Each structure stands twice: as C-alpha cells, then as structure tokens.
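Because only heavy atoms are used, hydrogens play no part in the values below, and waters and symmetry mates are left out as well, while side chains stay in. Predicted, not measured: the structure shown is a model, and the values here were computed from it. In each ligand, atom 1 is the first atom listed, and ligand 1 is the first ligand listed.
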Amino acid sequence: MSGRIQAPRGTFDVLPAQASERAEVEAVARRVLERAGYGRIETPTFEATELFSRGVGESTDVVQKEMYSFHDGGFTLRPEGTAPVCRAYVEHGMHKLPQPVRLWYLSTFFRHEAPQAGRFRQFWQVGAEALGSDDPAIDAESILLLAELLEEIGARGLRLRLASLGTPETRLSYRAELAAYLRSHEEQLSPEVRARIALNPLRAFDSDDPGTQAVMANAPLLIDRLTASDAEHFQEVRDLLDDCDLVYDVDPTLVRGLDYYSRTVFEFTSSELGAQSGVGGGGRYDGLVEMIGGPPTPGCGWAAGVERILLASDHPAVAPPPVDLFVAYSDTKYRRPAFSIAAEARRARLAAQVELAGRSLKGQLKQADRIGARFVAIVSEDGTLLKDMESGEQTLVQGSVVAMVLRGRGGAGL
Ligand code: HAM
C-alpha cells in the first residue's frame with residue numbers, strides 16, 4: 001500500500017493560527033453566557049441512537065440521512081446537542097434544581113451531509129439551552145444572548161428571522177389545510193412541489209418556481225392559525241425584543257430542520273456566507289424532555305456553527321503569546337544546562353523556549369528576535385549572560401537566571 005493519507009471529506013484540521021480564533025469565540029461565549037447564568041455542560045460524543053430518532057424526529061433529514069451510527073450497539077455520533085442536554089437534565093435530576101436550568105456547550109457534532117463551503121461532516125457548535133420554564137422572557141433572553149455573542153465576535157451582515165410554530169396539534173391541522181389549498185391549485189404548481197404535497201407541503205414555500213410562488217403568495221400561514229395562548233406568547237417575545245431594540249423579521253415561512261420545536265423558532269443568517277447562510281438558530285422545544293422519557297419540561301435554546309461564525313466575521317490575526325525567555329548557547333556542550341534553565345523557567349510560569357534546532361549562536365539570536373523574546377540567556381564558557389531585548393542591557397548572571405527574569409519582567413531592570 002502506498003499514497004498519501006488525507007483527512008476524510010468534510011472534515012478539517014484546526015491549525016495553531018485558527019486555534020487562537022476559536023479560543024476567542026470560546027472566550028466570548030463563556031463571557032456572554034456565564035454572565036447570564038449559564039453553566040458549561042459537555043455530554044459524550046456518542047449517544048444511544050434512539051435519543052435522536054425519538055428526540056430529533058424520525059422524519060427529519062438529520063435522522064433519515066445524516067447520522068453516523070455504529071452498527072453494533074445502537075450508538076450514534078451526536079448530530080446536535082439539544083437532545084443530549086435534555087437527556088443529561090433528566091439523568092442528573094436537574095428538574096429538582098431551581099428552574100430554569102441554564103446550560104451551554106461548545107463541542108463537535110457530526111452530520112453526513114454533502115460537504116460544501118460552510119458545511120462539514122464534523123463541525124463545532126456553541127449552544128445554550130434553558131430548561132424548566134415556558135416564560136416568553138426566556139425565549140427573548142436566549143435570542144438576545146445569541147445576538148450579543150455574534151455581535152461581540154464581529155459577525156457581519158446579520159439578519160434575524162423569527163416565527164412561531166404553535167403546538168404540534170396546530171401544526172397538524174395547518175398541514176392538512178395547506179395540503180388541501182395546494183391540491184386546489186395543483187395545475188399551477190411545479191411537478192416537484194406537486195409530488196410532495198402529502199409528504200411535506202411546507203416545502204412549497206421554498207420553491208423558486210414562479211407558478212408555485214404565485215400560489216404561495218396567497219397560501220394560508222401557520223402564524224395566523226396559532227391558538228390564543230400561543231399567539232400571546234409570541235407577542236410577548238416580540239414585545240421584549242422590541243424593548244431591547246433588537247431588529248428582526250417575522251418570517252412565517254421559517255422552517256427548521258428538527259422536529260422538536262414548538263412555539264418560538266428563530267434563525268440568524270449572514271449575507272457574508274454563501275448558500276449555507278445559517279449562522280445559528282433555535283427555538284422552544286416544550287415536548288422534547290417528555291419525548292425522551294423525562295417529566296414534562298419546557299425548554300428553549302439555540303446553537304451556532306463556530307466555522308460559520310468565523311466565516312461571517314472579520315477576525316484580525318491574533319498575536320502569538322509573548323515569550324519571556326529564549327535560552328541560547330554558544331556550543332552544544334552547553335545544551336543540557338540551557339535545557340534545564342528553560343524547564344525551570346516554565347515551572348516558574350514563564351513562557352520559555354530553548355534552542356533545539358541546531359542553529360549557530362547567530363541563528364539562535366535571530367530566532368529569539370523573530371519570536372519576540374523579552375529576554376535571551378546565552379550559556380557559554382563564560383557563564384550565563386542575560387540580555388534584555390527591550391533595553392539592550394546585558395548582565396552576567398550571578399545566581400538564578402529565572403529569578404532575574406522574573407525581577408526584570410516586573411520592570412525593575414536587570
Ligand atoms: P441547527 O440549525 O441544525 O440546530 O444547527 C445550528 C447551527 O449549526 C447552524 O445554524 C449552522 O451554523 C451549524 N451547522 C449545522 N450543520 C452544520 C454543518 N454540517 N456544517 C457546519 N455547520 C453546521 C441545531 O443543531 C439545534 N440543536 C439548535 C437548538 C438548540 N435548538 C434548540 N436548542
């Protein structure tokens with residue numbers, strides 16, 4: 001066997017330069033979410049397949065086509081994080097805690113989708129879930145937090161779409177009404193839409209066929225069929241967002257790819273992205289905990305794709321961390337003491353590197369300069385010379401190099 005082995009299609013390596021951008025996303029997420037009372041949770045990378053088939057829904061693309069399932073034991077690499085968080089909530093008796101329980105995560109997820117720009121088979125999501133309250137203020141707070149996070153990271157060209165799906169019963173009777181409407185205009189619809197009337201009449205809203213679009217302009221909308229209490233809930237979410245000056249479009253055709261939603265749904269898109277324009281989205285999932293065997297528990301949350309957030313943002317190159325000390329030596333016979341000095345410096349919490357690339361002394365000094373070392377120690381037959389790269393001052397070390405660097409770094413000079 002020969003040939004170069006490559007990473008699987010739809011996956012990517014995170015290299016050091018990208019790792020620092022990602023660390024920034026994580027730092028902002030932690031700041032924004034923990035300020036609002038969210039605690040970090042991490043669930044396993046794989047779960048019982050049934051968690052997703054029951055939770056996310058048998059009829060969804062995610063469950064039907066996109067899950068990586070192991071053939072032995074009934075496990076699946078998690079395609080999303082909401083069902084796992086709900087499982088953990090039940091498993092750890094979190095319903096006994098003061099409600100709502102607010103949890104956030106930043107993890108990898110797996111979907112067997114056709115890879116394209118912004119769409120991967122292994123990707124990262126930052127997500128937030130609030131369980132145990134059906135208060136519309138939770139919906140509004142959750143949306144505001146995602147807006148704040150995206151804004152703080154610098155995502156551009158954002159648009160927020162908002163809708164309410166009502167209860168599953170409302171949706172069922174609406175679907176029947178919409179299917180009947182489509183059937184009564186069948187001759188004007190595209191063949192694809194016509195073929196899917198029974199299976200998924202809602203898809204007709206996404207069609208770019210002019211005949212279908214003309215029919216859909218007068219189609220009944222789910223948002224006009226909400227029960228009084230669902231309509232009131234939605235109005236309250238809107239009022240709270242208005243009070244906080246968050247701009248959104250009510251979009252009655254907003255469809256989410258997961259079955260567990262009820263009432264509020266929302267999605268942020270970015271004009272900076274191509275076809276995969278969804279940066280993050282979510283909504284309320286009041287029936288999900290019960291669906292996976294827990295007590296009736298309302299919930300609301302969202303997830304945003306880390307890669308898409310970064311694609312939609314200007315992320316200035318993050319400077320590499322500063323180096324306090326570079327340890328050089330005049331001859332390889334001083335390599336061992338130089339190595340020990342660097343190790344001791346790191347134990348003292350200094351950022352320290354030692355020459356290990358076999359450079360000449362001149363080359364070593366150049367390297368120290370290149371990485372921006374604050375101090376350079378040169379070990380030679382004359383002892384150890386410590387050079388302050390800022391002032392140019394040089395001192396022959398008496399005693400400990402590390403102690404001198406620590407003192408010098410504090411601004412006391414050498
Ligand atoms: P979702 O809309 O399926 O929702 O995914 C959320 C976000 O994850 C998307 O907006 C997108 O940015 C990113 N994403 C999804 N699939 C991919 C992919 N193949 N490659 C790159 N990024 C992707 C959920 O997953 C729900 N669990 C959100 C939620 C939380 N709802 C309530 N709570």
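The protein non-hydrogen atom at the shortest distance from atom 24 (C) of ligand 1 is Leu258 CD1, 3.5 Å. Closest to atom 19 (N) of ligand 1, if we only count protein heavy atoms, is Glu113 OE2, 2.6 Å. Among all protein heavy atoms, the one lying closest to atom 30 (C) of ligand 1 is Thr82 OG1, 2.9 Å. Taking atom 31 (N) of ligand 1 as the reference point, the nearest protein heavy-atom neighbour is Tyr261 OH, 2.6 Å. Looking at atom 8 (O) of ligand 1, its nearest protein heavy atom turns out to be Gln125 NE2, 3.0 Å. For atom 32 (C) of ligand 1, the closest non-hydrogen atom of the protein is Gly301 O, 3.2 Å. Counting only heavy atoms of the protein, atom 20 (N) of ligand 1 lies nearest to Phe120 N, 2.9 Å. Among protein heavy atoms, atom 11 (C) of ligand 1 sits closest to Arg308 NH1, 3.4 Å.
The backbone of Val279, and not its side chain, has at least one atom closer than 4.0 Å to an atom of ligand 1 (non-hydrogen atoms only; backbone = N, CA, C, O).
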>> For a side chain to side chain contact (heavy atoms under 4.5 Å, CB included) check, start with the C-alpha distance between Leu288 and Thr297, then their side-chain angles and the critical distance, and finish with the verdict.
In response: CA-CA 8 Å; Leu288 175 54; Thr297 312; over 6 Å; no
> Could you go step by step and tell me if Val354 and Tyr329 meet the side chain to side chain contact (heavy atoms under 4.5 Å, CB included) rule?
Replying inline: CA-CA 9 Å; Val354 62; Tyr329 42 87; 4.3 Å; yes
>> Could you go through Glu58 and Ser53, starting from their C-alpha distance and side-chain angles, then the distance that decides it, and tell me whether this counts as side chain to side chain contact (heavy atoms under 4.5 Å, CB included)?
In response: CA-CA 5 Å; Glu58 288 285 7; Ser53 50; 3.6 Å; yes
> Should Ser270 and Glu272 be marked as a side-chain hydrogen bond (donor to acceptor under 3.5 Å, both in side chains) after you check the CA-CA gap, both sets of side-chain angles, and the distance that decides it?
Replying inline: CA-CA 5 Å; Ser270 166; Glu272 299 291 312; 5.5 Å; no
>> Run Arg111 and Arg121 through side chain to side chain contact (heavy atoms under 4.5 Å, CB included) and show every step you take.
In response: CA-CA 5 Å; Arg111 292 185 194 175; Arg121 290 180 168 173; over 6 Å; no
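Nearest to atom 14 (N) of ligand 1 by heavy-atom distance, out of Phe266, Phe123, Trp124, Trp302, is Phe123. Heavy-atom proximity to atom 28 (C) of ligand 1, evaluated over Gly281, Gly299, Gly283, is greatest for Gly281. If you check each of Arg256, Glu129, Arg111 against atom 25 (O) of ligand 1, the one with the closest non-hydrogen atom is Arg111.
Ligand 1 places these atoms under 4.0 Å from at least one heavy atom of Gly278: 10 (O), 11 (C), 12 (O). For ligand 1, the atoms sitting less than 4.0 Å from at least one non-hydrogen atom of Tyr285 are 32 (C), 33 (N), numbered in the order shown with element in parentheses. When each atom of ligand 1 is checked for a heavy atom of Glu80 under 4.0 Å away, the hits are 25 (O), 26 (C), 27 (N). Near Gly280, with a cut-off below 4.0 Å to any heavy atom, the atoms of ligand 1 are 10 (O). Which parts of ligand 1 touch Gly118 is read off a 4.0 Å heavy-atom cut-off, strictly below it: atoms 20 (N), 21 (C), 22 (N).
Remark: distances from the non-hydrogen atoms of Gly10 to ligand 1 are all 4.0 Å or more. Look at Gly127 and you'll find every heavy atom at least 4.0 Å from all atoms of ligand 1. Residue-ligand proximity: Gly257 is placed with every non-hydrogen atom at 4.0 Å or more from ligand 1. Using a 4.0 angstrom heavy-atom cutoff, Arg284 does not count as in contact with ligand 1. In this structure, Tyr260 has a heavy atom closer than 4.0 Å to ligand 1. Taking a 4.0 Å cut-off on heavy atoms, Phe109 fails to register as neighbouring ligand 1.
Between Phe110 and Tyr68, the ring planes are perpendicular. Angles over 60° get that label, and only those under 30° would be called parallel.
Ion pairing between a basic and an acidic side chain is recognised when a charged N comes within 4.0 Å of a carboxylate O; Arg87 and Glu47 show such pairing. Salt bridge absent: Arg40 and Glu34 never bring a charged side-chain N and a carboxylate O closer than 4.0 Å. Using a 4.0 Å cut-off between charged nitrogen and carboxylate oxygen, Arg22 and Glu307 count as a salt-bridge pair.
Of all non-hydrogen atoms in Pro220 and Tyr181, the two that sit nearest each other are CD-CG, 3.7 Å.
Taking the ring centre of Tyr174 as origin, the terminal cationic atom of Arg225 falls outside the region bounded by 6.0 Å and 45° from the ring axis.
For the side-chain contact (heavy atoms from CB on, under 4.5 Å) test with Met404, the passing option among Leu386, Thr384, Leu325 is Leu386; the others fail.
A distance of 6.0 Å or more separates the ring centres of Phe326 and Phe375. In this structure, Tyr260 has its ring center closer than 6.0 angstrom to the ring center of Tyr285.
Distances between N or O atoms of Gly305 and those of ligand 1 include at least one value under 3.5 Å.
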